[in-house]
Amino acid sequence: MTNSVAADYWGTASEAEVLTFELAGETFAFDAVIVQEILDLLPETAVPGARAFVGSVINFRGKVIPLADIRLAFGMEATEPTIESRIVVIELEIEGEPTLIGVRTDKVHEVTTLDRTASEPPPSVGMRWRPDFIHCLVKRGQDFIIVPNMQAIFASRNEH
């Protein structure tokens, strides 16, 4: 049995350990199981002709990996990096292959546990983002944490 890294992204346990991070003032979370490392910003190499969403690559431990700005997938404006900006390296299964991807974030918050019973699918109307790009929303206190569906985001980008 292969470890399908993010096939069932949210898992089946009652709680999920996640890494929370910020993009354009919104709190997002990756399942901790897919997170490989958190890096300070690294030199980027632009890839001519690549989509803006994955328009550059970085050197991660001697490997060239794509650097994604999921802000662009969600239709947010690209922003200049700050001293708090980080790259979160995740591993996704894309086209059957484990693939390392760097994801640019505005700020990494914490590793925490979210209660799956507090999660709900994104509403089909009233969302400013494509609902298929969001795995679920998790209520924590008065706020919602967005768990992005990275598989859907990368699959949609492969169609164009």
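Since the model is a prediction, treat every value here as computed from it, not as a measurement. The first residue in the sequence is number 1, and the count goes up from there. The figures that follow rest on heavy atoms only: side chains count, while hydrogens, waters and symmetry mates do not.
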### Query
I101 and I94: side-chain contact (heavy atoms from CB on, under 4.5 Å), yes or no, with the steps?
CA-CA 10 Å; I101 300 163; I94 298 179; 3.6 Å; yes

Is there a path of hydrophobic side-chain contacts, each under 4.5 Å between heavy atoms of I/L/V/M/F/W/Y residues, joining [Y] to [X]?
X: L92; Y: L19; value: yes
X: I58; Y: V54; value: no
X: M76; Y: F53; value: yes
X: V89; Y: I153; value: no
X: L23; Y: V111; value: yes

Within the 4.5 Å heavy-atom criterion, are [X] and [Y] side-chain neighbours or not?
X: I87; Y: T105; value: no
X: V147; Y: S119; value: no
X: F154; Y: T99; value: no
X: V138; Y: V18; value: no
X: F30; Y: V103; value: yes
X: I38; Y: F21; value: no
X: R104; Y: E44; value: yes
X: N59; Y: L42; value: no

Heavy-atom pair with the smallest gap, counting every atom of [X] and [Y]:
X: I65; Y: L100; answer: CB-O, 3.7 Å
X: S14; Y: D115; answer: O-OD1, 3.4 Å
X: A73; Y: F133; answer: O-CE2, 3.4 Å
X: I145; Y: A29; answer: CG2-CB, 3.6 Å
X: D132; Y: A152; answer: O-CB, 3.2 Å

#### Entry: Stepwise side-chain contact (heavy atoms from CB on, under 4.5 Å) check, I146 with L137
CA-CA 5 Å; I146 303 152; L137 303 172; 3.8 Å; yes

### Task
Find the distance between CZ (R86) and CG (L39) and round it off to the nearest 0.5 Å.
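Interatomic distance, R86 CZ to L39 CG, rounded to 0.5 Å: 9.5 Å.
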
### Message
Within this structure, what is the CE-CD1 distance for the pair M150 and I34, rounded to the nearest 0.5 Å?
### Response
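With rounding to 0.5 Å, CE (M150) is 6.5 Å from CD1 (I34).
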
#### Entry: salt bridge (Lys or Arg N to Asp or Glu O under 4.0 Å) contacts touching residues 75-84 (sequence neighbours left out)
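Checked against salt bridge (Lys or Arg N to Asp or Glu O under 4.0 Å) - neighbours excluded - the pairs reaching residues 75-84 are E84-K107.
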
### Task
With sequence neighbours excluded, tell me which residues meet side chain to side chain contact (heavy atoms under 4.5 Å, CB included) with T79.
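T79: side chain to side chain contact (heavy atoms under 4.5 Å, CB included) contacts with R71, D106.
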
### Message
Whether K63 and E91 form a salt bridge (side-chain N of Lys/Arg under 4.0 Å from carboxylate O of Asp/Glu) is what I want to check.
### Response
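Salt bridge flag = no for K63 with E91.
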
### Message
Under a 3.5 Å distance rule, please check whether Q36 uses its side chain to pair with a backbone N or O of G102 as donor and acceptor.
### Response
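Pair absent, no side-chain N/O of Q36 close to backbone of G102.
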
